[in-house]
Amino acid sequence: MGLRIGIVGATGAVGQEALQLLELGALSIAEIRLFASVRSAGRVRSFRRETVRIEEISAERLAGLDYVFFSAGASISRQYAPAAVKGGAIVIDNSSAFRMAREIPLVVPEVNAKELGRHPGIIANPNCTAAILATAVWPLHQAAIVERIVVATYQAASGAGAKALAELDAQVRQYAAGEEIRRKVFPEQIAFNVFSHNTPVDDSGFNEEENKVAQEIRKIFGEPTLGVCATCIRVPVFRAHSEAVVLETRRKLSAEEAREILSHAPGVAVVDDRKANRFPTPLEAAGKREVLVGRLREDPSHPRALALFVSGDQLLKGAAWNAVQILELLAAG
Ligand code: A2P
């Protein structure tokens, strides 16, 4: 018997990726249901040679499904995920709504798939930056115990959704046409600019994205005291986040050993060609399920620190692919 799967936020940047991954995947799917706002209701998508009509979300319509992906923002998840669970589904939630709830597992399959053994009907998919960082750092943590992570990010426009992606495209065209550059989604111009992540800043000076990265990495690793200092930045890239990372480890890890470990690590591809000056780029990472890792070097300013550079597709490993991996693991029992 095939699975009955729903996607909430099916017209969004992540929802569209999830639909495509399911279409290409090997899961046996008896029924796919697509949900979005009233604005999209009635539009159609094709899935494995069938035409699927997008439905306006409602609690009643979510009943009778086996798995539902949520990717329409935290307030929609809070409002409707409990109804989907009540209606018999397991929810894989891509929003921040439940990530830090104690009873809800926050899962990157390469790191903590074992957490899928206990859940109350909802499983949280991590923040995109945290998922990419976790995939790259976990194998090194297992080898040498990471005590502190300092990370600066270079985050793509599409991390803020389909409208933000369109805004970067529109601003580049406006610039090329010599027109006034118009802002709507981002608070700053995204074309030809770099700015601090567009989430609220707290009293300590960290923005919400930076706090999410720190809290979520600690939860995914099961390391409540792990030190994390993040600086999250938006850059004018369409797709894939990059991260400049410095790790302080309990045991010294040479660049060579780290490269060897990462070359066998699940979900990771090493791109580290010093001679050719070829390292991870968001363009190369875009569309890939693996996280690219390179620029591995020992920090000369610290006896046990390692620097690296990571690029990962935040719509795939940072969101839809991680969620589909979770679904595939659950479906396999
Ligand atoms: P819609 O396209 O109908 O607005 P993104 O993260 O790319 O911005 O996508 C957000 C997703 O969440 C879209 O699929 C969007 O649907 C959906 N969404 C936004 N607001 C609502 C709502 N009130 N009810 C249901 N879906 C919503």
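Because only heavy atoms are used, hydrogens play no part in the values below, and waters and symmetry mates are left out as well, while side chains stay in.
His241 places no side-chain N or O within donor-acceptor distance of the main-chain N or O of Gly312, the cut-off being under 3.5 Å. Between the side chain of Asn112 and the backbone N or O of Leu106, at least one donor-acceptor pair lies under 3.5 Å. Judged purely by atom type and a 3.5 angstrom limit, Arg48 uses its side chain to pair as donor or acceptor with the backbone of Leu22. At distances below 3.5 Å, at least one donor-acceptor pair connects side-chain atoms of Lys219 with backbone N or O atoms of Ala101. When atom types are taken as modelled, the side chain of Arg61 and the backbone of Glu56 share a donor-acceptor pair closer than 3.5 angstrom. Here the side chain of Arg148 pairs no donor or acceptor atom with the backbone of Gly227 at under 3.5 angstrom. Proximity of a side-chain donor or acceptor of Glu147 to a complementary backbone N or O of Glu248 within less than 3.5 Å is not detected. Of the possible polar contacts, none joining the Gln155 side chain to the Arg234 backbone as a donor-acceptor pair under 3.5 Å is found. Asp66 places a side-chain N or O within donor-acceptor distance of the main-chain N or O of Arg4, the cut-off being under 3.5 Å. A donor-acceptor distance shorter than 3.5 angstrom exists from the side chain of Thr199 to the backbone of Glu209, with no hydrogens or angles considered.
Between Val85 and Gly121, the shortest heavy-atom distance links the atoms CG2-O, 3.6 Å. Taking each heavy atom of Leu296 and Ala255 in turn, the nearest pair found is O-CB, 3.7 Å. Nearest heavy atom pair, residue Val293 against residue Ala136, reads CG2-CB, 3.8 Å. Scanning both residues, Val91 and Ala81, for their nearest heavy atoms gives CG2-O, 3.8 Å. The shortest non-hydrogen separation linking Gly267 to Thr135 is O-CG2, 3.7 Å. Closest approach of Ser242 and Ser311 over heavy atoms only: OG-OG, 2.8 Å.
Using a 4.5 Å cut-off on side-chain heavy atoms (C-beta onward), Ile261 and Glu257 make contact. Looking at Val146 and Leu226, their side chains come closer than 4.5 Å, going by heavy atoms from C-beta outward. Side chains of Ile29 and Phe47 form a contact here, defined as non-hydrogen atoms less than 4.5 Å apart. Between Leu253 and Leu247 there is no side-chain heavy-atom pair separated by less than 4.5 Å. Put simply, the side chain of Glu210 reaches to within 4.5 Å of the side chain of Thr231, judged on heavy atoms. With a 4.5 Å cut-off on side-chain heavy atoms, Pro120 and Ile104 count as touching. Annotation: side chain of Asn277 is in contact with side chain of Phe279 (closest heavy-atom distance under 4.5 Å). Between Ile32 and Leu19, the closest side-chain pair of non-hydrogen atoms falls below 4.5 Å.
Side-chain N/O atoms of Ser158 and Gln314 include a donor and acceptor closer than 3.5 Å.
Going from atom CZ of Arg173 over to atom CG of Leu168 covers 10.0 Å, rounded to the nearest 0.5 Å. Separating the CG atom in Leu21 from the CG atom in Leu315 is a distance of 10.0 Å, to the nearest 0.5 Å. The structure places CD of Gln189 at 4.0 Å from CD1 of Ile181, a figure rounded to the nearest 0.5 Å. With rounding to the nearest 0.5 angstrom, the CG atom of Asn211 is 11.0 Å from the CG atom of Asn127. Here the straight-line distance linking atom OG1 of Thr11 with atom CD of Gln16 works out to 7.0 Å at 0.5 Å rounding. In this structure, CZ on Arg53 lies 10.0 Å from CZ on Arg33, to the nearest 0.5 angstrom.
Not counting sequence neighbours, Gln171 has no partner by the side chain to side chain donor-acceptor pair (under 3.5 Å) test. Take His119 and apply the ring-ring contact (aromatic ring centres under 6.0 Å, His included) test, not counting sequence neighbours, and it matches no residue. Residues meeting the side chain to side chain donor-acceptor pair (under 3.5 Å) test with Arg239, sequence neighbours left out: Glu17, Asp313. With sequence neighbours excluded, the residues forming a side chain to side chain donor-acceptor pair (under 3.5 Å) with Arg278 are Glu284, listed by chain and number. For Phe98, there are no ring-ring contact (aromatic ring centres under 6.0 Å, His included) partners at least two apart in sequence or on another chain.
Residues Ile76 and Val68 share a hydrophobic cluster, clusters being chains of Ile/Leu/Val/Met/Phe/Trp/Tyr side chains in contact below 4.5 Å. The cluster map of Ile, Leu, Val, Met, Phe, Trp and Tyr, joined by side-chain heavy atoms under 4.5 Å apart, puts Phe70 and Leu330 in different clusters. Tracing side-chain contacts under 4.5 Å through hydrophobic residues (I, L, V, M, F, W, Y), one never reaches Ile5 starting from Ile57; they form parts of separate clusters. Both Val245 and Val111 are part of a single hydrophobic cluster, where members link through side-chain heavy atoms under 4.5 Å apart. Hydrophobic clustering (ILVMFWY, side-chain heavy atoms < 4.5 Å, transitive): Ile217 and Val310 are in one cluster.
Applying the salt bridge (Lys or Arg N to Asp or Glu O under 4.0 Å) test to residues at least two apart or on different chains, none of the pairs has a partner in residues 149-167. Listed by first then second residue, pairs satisfying ring-ring contact (aromatic ring centres under 6.0 Å, His included) with a partner in residues 177-213 read Tyr175-Phe192, Phe186-Phe195, not counting sequence neighbours. For residues 210-229, the pairs satisfying ring-ring contact (aromatic ring centres under 6.0 Å, His included) are Trp138-Phe221, His141-Phe221, with sequence neighbours left out.
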Begin with the C-alpha distance, continue with both residues' side-chain angles, and end with the deciding distance and a verdict on side-chain contact (heavy atoms from CB on, under 4.5 Å) for Leu62 and Val8.
CA-CA 9 Å; Leu62 290 169; Val8 175; 4.0 Å; yes
Could you please spell out the steps behind the side-chain contact (heavy atoms from CB on, under 4.5 Å) verdict for Asp272 and Leu308?
CA-CA 10 Å; Asp272 198 37; Leu308 51 143; over 6 Å; no
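In this structure, Lys252 places its NZ atom where more than 12 heavy-atom neighbours from other residues, nucleotides or ligands lie under 6.0 Å away. Within a 6.0 Å radius of CD in Glu103, more than 12 heavy atoms belonging to other residues, nucleotides or ligands are found.
Residue Val271 is found in a hydrophobic cluster whose other members, listed by chain and number, are Leu292; membership requires side-chain heavy atoms under 4.5 Å apart, directly or through intermediates. Its side chain within the 4.5 Å cluster rule, Ile233 clusters with Tyr154, Val194, Val235, Val237, Phe309 among the Ile, Leu, Val, Met, Phe, Trp and Tyr residues. Here Met1 sits alone; no ILVMFWY side chain lies under 4.5 Å from its own, so it joins no hydrophobic cluster.
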Tabulate below the donor-acceptor pairs under 3.5 Å that side-chain atoms of residues 320-329 make, not counting sequence neighbours, or state none.
residue, atom, partner, partner atom, Å
Asn322, OD1, Lys317, NZ, 2.7
Asn322, ND2, Val107, O, 2.9
Asn322, ND2, Asn125, OD1, 2.6
Gln325, OE1, Lys317, NZ, 2.5
Gln325, NE2, Glu110, OE2, 3.0

